[in-house]
There are 4 protein chains.
Amino acid sequence: MELNDKERMILDAAAEVFADKGFFKATVSEIANEAGVAKGTIYFYFESKRDLFKSLITSKTEALHQGIRKGQQKGESFENQIKEIISSKLKFFAEEEGLAKSIIYDYAGMDEGFKLELWELRNKHTEKIAEIFQKAIDDGVLRNISVDDTVTVLLGTVHAFGYKNYLSPVEEDVSIAETVDIIYDLFMQGVQK
Amino acid sequence: MELNDKERMILDAAAEVFADKGFFKATVSEIANEAGVAKGTIYFYFESKRDLFKSLITSKTEALHQGIRKGQQKGESFENQIKEIISSKLKFFAEEEGLAKSIIYDYAGMDEGFKLELWELRNKHTEKIAEIFQKAIDDGVLRNISVDDTVTVLLGTVHAFGYKNYLSPVEEDVSIAETVDIIYDLFMQGVQK
Amino acid sequence: MELNDKERMILDAAAEVFADKGFFKATVSEIANEAGVAKGTIYFYFESKRDLFKSLITSKTEALHQGIRKGQQKGESFENQIKEIISSKLKFFAEEEGLAKSIIYDYAGMDEGFKLELWELRNKHTEKIAEIFQKAIDDGVLRNISVDDTVTVLLGTVHAFGYKNYLSPVEEDVSIAETVDIIYDLFMQGVQK
Amino acid sequence: MELNDKERMILDAAAEVFADKGFFKATVSEIANEAGVAKGTIYFYFESKRDLFKSLITSKTEALHQGIRKGQQKGESFENQIKEIISSKLKFFAEEEGLAKSIIYDYAGMDEGFKLELWELRNKHTEKIAEIFQKAIDDGVLRNISVDDTVTVLLGTVHAFGYKNYLSPVEEDVSIAETVDIIYDLFMQGVQK
DNA sequence: AATGAATGAGTATTCATTCAT
DNA sequence: AATGAATGAATACTCATTCAT
């Protein structure tokens, strides 16, 4: 997955345009313009508009997941690891707002094969998170719940906060650190007295 | 919001086609075909493809929210009320799979005005849920957490399970009742020992 | 050519809409709206949109020509007769500006048969004018020129002034009486010293 | 206003089709066919059907006006200059019959901005003609009439003859040279004995 | 006589993709 | 490697006209 300069320029331009317009309303012409190359050049490096979008999503998603995995390998405390995960994902929402939208919303237009690829990409890091949980259960930090469901709860919650704070049509502007603490608390303690 | 027969037929057809193809890949011709009317008839009842989509989403979302509100007015126990909410939303995911996708994914292509409408529609029922939580806090059933954040956690969690079980590219086929219990437990207790 | 009330209402509405939009951009719906009748009603009285336009033009053109013929039968002086003709036509331009435009410009869209009808209508009154000229030649008032060409010059000149003063994209607002005198003078004397 | 080959081909095809059908009944497809290019190619060179029409009219009108201006710069006699002007315009009617119709009739459908452009184009050469008249007045060749009105009379007369001889639904086939003499005589002498 | 819901042929325009240079 | 002119399939939308009521 080595990218040369031209590819990088095109991908950066694509990120901007897709983020702004979404997959279907973005045009290859505009991406080419933005990248400062001719339309044909895009087709030299990418098979199609869809392929370009895929490459973009894959690269961004990988970056996101990489960020998430960071905390996991450092032998940090459970709390720090989970907070790092929450934080990475919220940051992604906050920093790449438009692109996050584009990934979320235009996903529908993609073919099954690509969806599966993304699903597997997602699985790879949910499994990592699951491992963290499993270890916490074994260590007696967490009660004996399904690690799989636990991952779902955590990511769902983070997603909901990310959406609410950074993607909703109404601005909310809440600090990430604050949100991390709120999520962590609710996630750990539940809501019951 | 009285709908006559023709409008109902068109809206049903639209639900099917939008669910299958998403907003951008659905064509007005196909919807007309599916509805058994001429293309022009669609434009007699709806201003545009977008207007048709909006009407569809609005009607479906209202139905969903109505379902959610049901449990709230019956003076049921807190547990039953929450479980009813979780259940309604999961049912919507399960039963209207394609449409749920379409609503989620094509949302991006909509104009700000429409997004705001939907957002307000959403707020109306999150407020209802918030009231349930507030009462539970007052009754000493829940600890003293932000009701707003609590709604976010609950809906995020339900969404994540709904997505994972009913919208993901990999079939999971988990029963709704079971999922409701899992969500309720994790939501209430958290994951900590 | 007896017109009942409904036909009159429709024709009046058509005059307004065609004047405003021109034949091609006017819609039958708008005419029906303007007339306060249902679309179908128009088709009860007129065969088609084109037929409606034809009827309108015919009626307006007849009115115009009638006005022109007036002066001719009164045994008035040559000067008064000619000035009456010039005046009638200028008045039509001034008073029915939009309609005059519509008649002039949308003429192209009409079929040959209708054009011939209009041409003959036009001929009927050019012949009347020609008779006036012929008499003036016989009386020694005009020099011995082709009456046919003379009609062409007169109508062309009037048309040019009418267009310039009342239909051009730039407002000119010159009084009709004044214009009549200018035209009559130039027409009679020519420009040579 | 440099036109490359493709643009020239498209414009020629457009001239033919617009002349034949008029603006509203002409289709872009037919123009593309006639030009031997794909529909998309037209949109590569022209923004829209309307833009194509504008470009066509502008180019043809400029050609017409150029012809008219010819005689003016040669230091010819007054008579020759005027006859050249009459002749150019009649030739345009005779040679570009359909296009002249299209310009005249579809003018109504154009937007105000474009009408003004054409009006100014027209003014540019009426001013030239006015100068010729002014000089003739100063030289004592013409009597002291309004040069502006004189231009109107001349162009109106030429237009009426052009229309009658070359655009009317009835063929007249009169030679241009002959018509020029008739117009010049009537224009100069008037009709009065 | 009058209505207005229903029709569907007709058309401008867009844009991903190709390919000769 | 890079260009950008050329392509043409694809599609939303309009509106004159019909006809059952």
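By convention in this document, chain letters (A, B, ...) are assigned in the order of the sequence lines, proteins followed by strands, and residues within each chain are numbered from 1.
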Round to the nearest Å and state the distance from [X] atom [atom1] to [N] atom [atom2].
X: D:Phe24; N: E:dA12; atom1: CZ; atom2: P; answer: 11 Å
X: D:Lys25; N: E:dA12; atom1: NZ; atom2: P; answer: 14 Å
X: B:Asn33; N: F:dT11; atom1: CG; atom2: P; answer: 13 Å
X: C:Phe44; N: F:dA20; atom1: CZ; atom2: P; answer: 16 Å
X: C:Arg50; N: F:dC15; atom1: CZ; atom2: P; answer: 16 Å
X: A:Asp5; N: F:dA2; atom1: CG; atom2: P; answer: 10 Å
X: C:Tyr43; N: F:dA20; atom1: OH; atom2: P; answer: 18 Å
X: A:Ile42; N: F:dA2; atom1: CD1; atom2: C1'; answer: 12 Å

Distance-only, no hydrogens or angles: does the [X] side chain make a donor-acceptor pair with backbone N or O of [Y] under 3.5 Å?
X: C:Ser55; Y: C:Asp51; result: yes
X: B:Lys49; Y: B:Phe23; result: yes
X: D:Glu7; Y: D:Asn4; result: yes

Just to be sure I understand the rule, does [X] reach a base, reach only the sugar-phosphate, or reach nothing, if contact means heavy atoms closer than 4.0 Å?
X: B:Thr41; answer: base
X: D:Lys39; answer: base
X: C:Tyr45; answer: sugar-phosphate
X: A:Ala26; answer: sugar-phosphate

- Task: Taking the six-membered ring for Trp and the full ring for Phe, Tyr or His, determine whether the centres of B:Phe93 and B:Tyr163 are under 6.0 Å apart.
- Result: no
- Check whether any side-chain nitrogen or oxygen of A:Lys6 sits under 4.0 Å from OP1 or OP2 of F:dA1, and answer yes or no. no
- Sorted by position of nearest nucleotide on DNA chain E, 5' first, the leading residue of C:Val37 and A:Ser48 is C:Val37
- Message: Here's a test of your reading of the structure: between A:Glu47 and D:Thr27, which maps to the more 5' nucleotide of DNA chain E?
- Response: D:Thr27
- Note on the structure: Testing E:dT17, E:dT13, F:dC15 for proximity to the side chain of A:Val28, the answer is E:dT17
- With the side chain of A:Lys49 defined as its heavy atoms from C-beta on, choose the nearest nucleotide among F:dA16, F:dA2, E:dA16. E:dA16
- Any strand, both distances under 3.5 Å, Watson-Crick or G-U wobble: F:dC13 pairs with E:dG10
- Query: So which nucleotide does E:dT17 pair with, by the Watson-Crick or G-U wobble rule with both distances under 3.5 Å?
  - Reply: F:dA6
- Task: Drop me the distance from A:Thr41's OG1 to A:Phe46's CZ, to the nearest 0.5 angstrom.
- Result: 11.5 Å
- Query: Which residue lies toward the 5' end of DNA chain F, D:Gly40 or C:Ser29, if each is placed at its nearest nucleotide?
  - Reply: D:Gly40
- Message: Contact between A:Asp12 and A:Glu16 at the side-chain level, heavy atoms closer than 4.5 Å - yes or no?
- Response: no
- Task: For nucleotides F:dT21 and E:dA1, find the distance between their P atoms and express it as a whole number of Å.
- Result: 22 Å
